[in-house]
Amino acid sequence: LDRFDLRLRIDSAGTEPGESSEETRTRVCAAIERQLSRLVGTRWRRNAHIPPGALEQLVPLPAEAHAAWLDACRLRRLTGRGAARVRRVARTFADLADREVVTADDVMRAAWLREDVW
């Protein structure tokens, strides 16, 4: 399970309608463009491809987000791989929200999506 970025148990579908497939597609395409732009001059094209050794430079976290990431790593006893995955997913949440900076909320949501599923 440590090799999965997201682990989420879904028991039932929600009752509220979500965004349309077209809206989701537009947001995802824009996030991909942001990643491509940010990673110009590197060997990587997506957040998921950034190796752990390059995360500090390519996925910097402001103090509050960094503290949330350290707390998540400690509380959830994440491996190095798990910690790196949380950081990459948090960066992707920021990209999907069209934000330059990763927030503590992005980190906490990414960590929550690594919950064990039984």
Side-chain angles (χ1 to χ4, degrees):
L1 285 175
D2 198 38
R3 295 182 185 270
F4 289 93
D5 287 351
L6 308 175
R7 303 184 309 219
L8 182 65
R9 181 183 180 130
I10 299 175
D11 292 322
S12 64
T15 56
E16 296 295 317
E19 69 184 5
S20 71
S21 296
E22 186 56 35
E23 290 169 322
T24 300
R25 181 183 186 283
T26 299
R27 231 169 21 100
V28 169
C29 288
I32 289 170
E33 286 303 315
R34 276 188 283 286
Q35 291 174 38
L36 290 170
S37 260
R38 190 174 46 255
L39 296 172
V40 162
T42 72
R43 301 182 343 207
W44 310 290
R45 300 293 169 254
R46 302 284 193 283
N47 297 333
H49 302 150
I50 302 170
L55 284 172
E56 193 69 36
Q57 177 188 3
L58 296 174
V59 184
L61 299 175
E64 187 178 330
H66 193 265
W69 179 69
L70 290 175
D71 285 347
C73 292
R74 183 179 47 80
L75 292 171
R76 298 176 190 283
R77 291 186 252 153
L78 296 176
T79 63
R81 178 182 289 126
R85 289 181 187 279
V86 165
R87 195 169 182 139
R88 288 185 202 104
V89 170
R91 175 66 260 176
T92 300
F93 284 143
D95 288 335
L96 287 167
D98 193 17
R99 278 187 277 99
E100 286 295 318
V101 177
V102 176
T103 66
D105 286 341
D106 295 326
V107 171
M108 290 185 292
R109 186 164 37 156
W112 178 76
L113 287 172
R114 287 193 58 81
E115 288 289 317
D116 286 330
V117 290
W118 305 103

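A quick note: this is a predicted structure, and the numbers were derived from the prediction, not measured. Computed from heavy atoms alone, side chains included, the values below leave out hydrogens, waters and symmetry copies.
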Query - In one Ile/Leu/Val/Met/Phe/Trp/Tyr side-chain cluster, 4.5 Å: Leu70, Met108 - result: no
Requested in this report: Scan for ring pair (Phe, Tyr, Trp, His ring centres under 6.0 Å) pairs involving residues 56-80, sequence neighbours excluded, and state none if there are none.
Outcome: His66-Trp69
Query - Residue pair Gln35, Arg45: steps toward the side-chain contact (heavy atoms from CB on, under 4.5 Å) verdict - result: CA-CA 7 Å; Gln35 291 174 38; Arg45 300 293 169 254; over 6 Å; no
Requested in this report: Output all residues satisfying side-chain hydrogen bond (donor to acceptor under 3.5 Å, both in side chains) with Glu23, sequence neighbours left out; order by chain, then residue number.
Outcome: Ser20
Query raised in the report: Does the pair Leu39 and Ile50 meet the rule for a side-chain contact (heavy atoms from CB on, under 4.5 Å), with working shown?
Result: CA-CA 9 Å; Leu39 296 172; Ile50 302 170; 3.9 Å; yes
Query - Shortest non-hydrogen separation from Ala83 to Leu78 and the atoms involved - result: N-CB, 3.9 Å
Requested in this report: Scan residues 29-65 for pairs that pass ring pair (Phe, Tyr, Trp, His ring centres under 6.0 Å), counting only residues two or more places apart or in two chains.
Outcome: none
Requested in this report: Kindly write out the residues that satisfy side-chain hydrogen bond (donor to acceptor under 3.5 Å, both in side chains) with Arg76, not counting sequence neighbours, or none if the list is empty.
Outcome: Glu115
**Report entry** Residues forming a side-chain hydrogen bond (donor to acceptor under 3.5 Å, both in side chains) with Arg46, sequence neighbours excluded
**Finding:** none
Requested in this report: State which residue, out of Arg87, Arg88, Arg38, fulfils the side-chain hydrogen bond (donor to acceptor under 3.5 Å, both in side chains) condition with Asn47.
Outcome: Arg38
**Report entry** N-O pairing of Arg109 and Asp105 below 4.0 Å
**Finding:** no
Requested in this report: Return each pair, listed once, that meets salt bridge (Lys or Arg N to Asp or Glu O under 4.0 Å) where at least one residue sits in residues 64-74; pairs must be two or more places apart or across chains.
Outcome: Asp71-Arg74
**Report entry** For Ala90, all residues meeting side chain to side chain contact (heavy atoms under 4.5 Å, CB included), sequence neighbours excluded
**Finding:** Val102, Asp106, Val107, Ala110
Query - Non-neighbouring partners of Thr42 that pass side-chain hydrogen bond (donor to acceptor under 3.5 Å, both in side chains), sequence neighbours left out - result: none
**Report entry** For Val101, side chain to side chain contact (heavy atoms under 4.5 Å, CB included) partners two or more places apart
**Finding:** Pro62
Report summary line: For residues 24-36, the salt bridge (Lys or Arg N to Asp or Glu O under 4.0 Å) pairs (sequence neighbours left out) are Glu19-Arg27, Arg34-Asp98
